[in-house]
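Note sheet for the following structure.
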Amino acid sequence: MEIGKATSIYQTQELKGTKETYYKETQKVDYSKYSADDLMQIPFEEAKVNQESIDKRYQELADDGNIKARHAVGLLALKGALNFSENNSIDKAYYETLQSTPKENLGLVTIEFQMNFQGFVKNGEITPSFMKDERSGNGTYLLNKNQATNVDFDAFINSAISSFEKNLTKAKSSNAENSVQNQYQGIVDFYKTFQDNFNKATKEPYYI
């Protein structure tokens, strides 16, 4: 389907620049014909405004049996990224990085990011998730919005890239299985994309 077809309904949303505050009109979109793949392509600003409508369309697709496991994981991850912290630059960068991540890797990088971030906030240590004792399915590794906001995010991303590049180098030098090397490479690529997106987001006006 063609993305971006909108009704004539608008919402006014405030943007705050470095030196001034200004406004932008955001279109209210009709999602009734969107597929799960279409929902995963919605831009951050649009998704932020229309989350309720997106959730409604997701539920319609789920009720009709049109949500695959990879879509469920991806859309849940994107929803969490929208309000991950109180810092819009972090949230936008996280959301857009997930959008560019191969769907088959979304579950891995989402858990990896959240657990790595928790490790950095708590004690500065960033290690692969499978090496962490606290890994579980109950979400105990998640941070609250205040914790996620009050951190040197540049330092975190740099530390994550450095840590996983070392893991990747060790995996290659020890002739580890290709699946292990590919896993580390995917995580390195994720954080480098995250860094690029975060740097761009911090230079843009942000929505409140």
Side-chain angles (χ1 to χ4, degrees), residues 36-37 39-41 44 67-85 87 89-145 147-203:
D37 281 322
L39 294 179
M40 294 183 70
Q41 297 175 41
F44 174 79
I67 292 290
K68 298 178 181 178
R70 62 187 175 87
H71 289 131
V73 170
L75 288 166
L76 181 61
L78 289 173
K79 181 175 181 178
L82 284 174
N83 300 289
F84 176 73
S85 72
N87 183 312
S89 294
I90 294 175
D91 294 350
K92 180 178 172 68
Y94 186 19
Y95 183 91
E96 292 180 347
T97 304
L98 290 174
Q99 281 187 311
S100 65
T101 299
K103 293 183 181 67
E104 62 271 18
N105 293 342
L106 278 171
L108 167 66
V109 296
T110 300
I111 292 175
E112 207 62 57
F113 165 70
Q114 291 172 346
M115 296 194 74
N116 299 158
F117 196 37
Q118 182 200 59
F120 181 81
V121 171
K122 290 188 172 181
N123 57 29
E125 182 183 8
I126 296 178
T127 56
S129 60
F130 59 80
M131 296 175 62
K132 295 179 182 291
D133 293 336
E134 68 270 26
R135 178 170 182 169
S136 68
N138 59 14
T140 56
Y141 52 84
L142 296 178
L143 302 172
N144 61 46
K145 288 186 179 182
Q147 289 175 306
T149 301
N150 295 307
V151 65
D152 185 340
F153 208 70
D154 275 317
F156 163 67
I157 295 179
N158 286 328
S159 296
I161 291 173
S162 176
S163 175
F164 282 102
E165 282 185 332
K166 288 178 182 176
N167 283 313
L168 177 59
T169 298
K170 288 179 181 178
K172 289 180 177 179
S173 63
S174 64
N175 294 317
E177 294 182 7
N178 287 337
S179 60
V180 175
Q181 295 187 38
N182 291 338
Q183 179 172 317
Y184 282 131
Q185 185 65 65
I187 297 170
V188 170
D189 292 344
F190 170 82
Y191 278 114
K192 287 186 174 180
T193 302
F194 206 144
Q195 186 175 54
D196 289 341
N197 287 337
F198 180 67
N199 288 338
K200 286 189 289 186
T202 55
K203 296 175 183 177

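Because only heavy atoms are used, hydrogens play no part in the values below, and waters and symmetry mates are left out as well, while side chains stay in.
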Close side-chain approach of V109 and L98, heavy atoms under 4.5 Å:
yes
Write down the atom of I126, the atom of S159, and the distance for their closest heavy-atom approach.
CD1-CB, 3.6 Å
Nearest 0.5 Å please: distance from the CD1 atom of I157 over to the CG atom of D152.
9.5 Å
Quick test of your reading: applying salt bridge (Lys or Arg N to Asp or Glu O under 4.0 Å), list the pairs with at least one residue in residues 181-199, sequence neighbours left out, ordered by first then second residue.
E165-K192
Please enumerate all residues that pass side-chain hydrogen bond (donor to acceptor under 3.5 Å, both in side chains) together with N197, with sequence neighbours excluded.
T97
Pairing residues for F153 by the ring pair (Phe, Tyr, Trp, His ring centres under 6.0 Å) criterion, not counting sequence neighbours:
F117, F156, F194, F198
Minimum heavy-atom distance A201-S89, with the two atoms named:
O-OG, 3.4 Å
Any donor-acceptor N/O pair, Q185 side chain to L168 backbone, under 3.5 Å:
no
Who pairs with N182 by side-chain hydrogen bond (donor to acceptor under 3.5 Å, both in side chains), at least two apart in sequence or on another chain?
none
Distance-minimising heavy-atom pair for F44 and E96
CB-OE2, 4.4 Å
Which residues satisfy the salt bridge (Lys or Arg N to Asp or Glu O under 4.0 Å) test with K170, sequence neighbours excluded?
none
What's the separation between atom CG in L106 and atom CG in L78, rounded to the nearest 0.5 Å?
7.0 Å
Please check if the side chain of S173 supplies one atom and the backbone of T169 the other of a donor-acceptor pair under 3.5 Å.
yes
List the residues meeting side-chain hydrogen bond (donor to acceptor under 3.5 Å, both in side chains) with Q99, not counting sequence neighbours, and say none if there are none.
none
Residues at least two apart in sequence or cross-chain that pass side-chain contact (heavy atoms from CB on, under 4.5 Å) with S85, listed by chain then number, are N87, I90, D91, A148, T149
In terms of ring plane angle, is the pair F113 and F84 parallel, tilted or perpendicular, where the classes change at 30° and 60°?
tilted
Whether Y184 and F164 hold their rings parallel, tilted or perpendicular, with breakpoints at 30° and 60°:
tilted
Looking only at heavy atoms, which two atoms of Q114 and Y94 are closest? And how far apart?
NE2-OH, 3.7 Å
State which residues pass side-chain hydrogen bond (donor to acceptor under 3.5 Å, both in side chains) with Q183; sequence neighbours excluded, sorted by chain then number.
none
Partner residues of E104 under the salt bridge (Lys or Arg N to Asp or Glu O under 4.0 Å) criterion, sequence neighbours left out:
none
Salt bridge (Lys or Arg N to Asp or Glu O under 4.0 Å) partners of K79, counting only residues at least two apart:
D55
Determine all donor-acceptor pairs shorter than 3.5 Å in which one atom belongs to a side chain in residues 68-77; sequence neighbours excluded.
{"unit_1": "H71", "atom_1": "NE2", "unit_2": "D37", "atom_2": "OD1", "d": "2.9"}

With a 3.5 Å distance limit and no angle check, can you tell me whether N116 reaches the backbone of P128 through a side-chain donor-acceptor pair?
no
Can you sort out the partners of N199 under side-chain contact (heavy atoms from CB on, under 4.5 Å), two or more places apart, ordered by chain and number?
D154, Q195
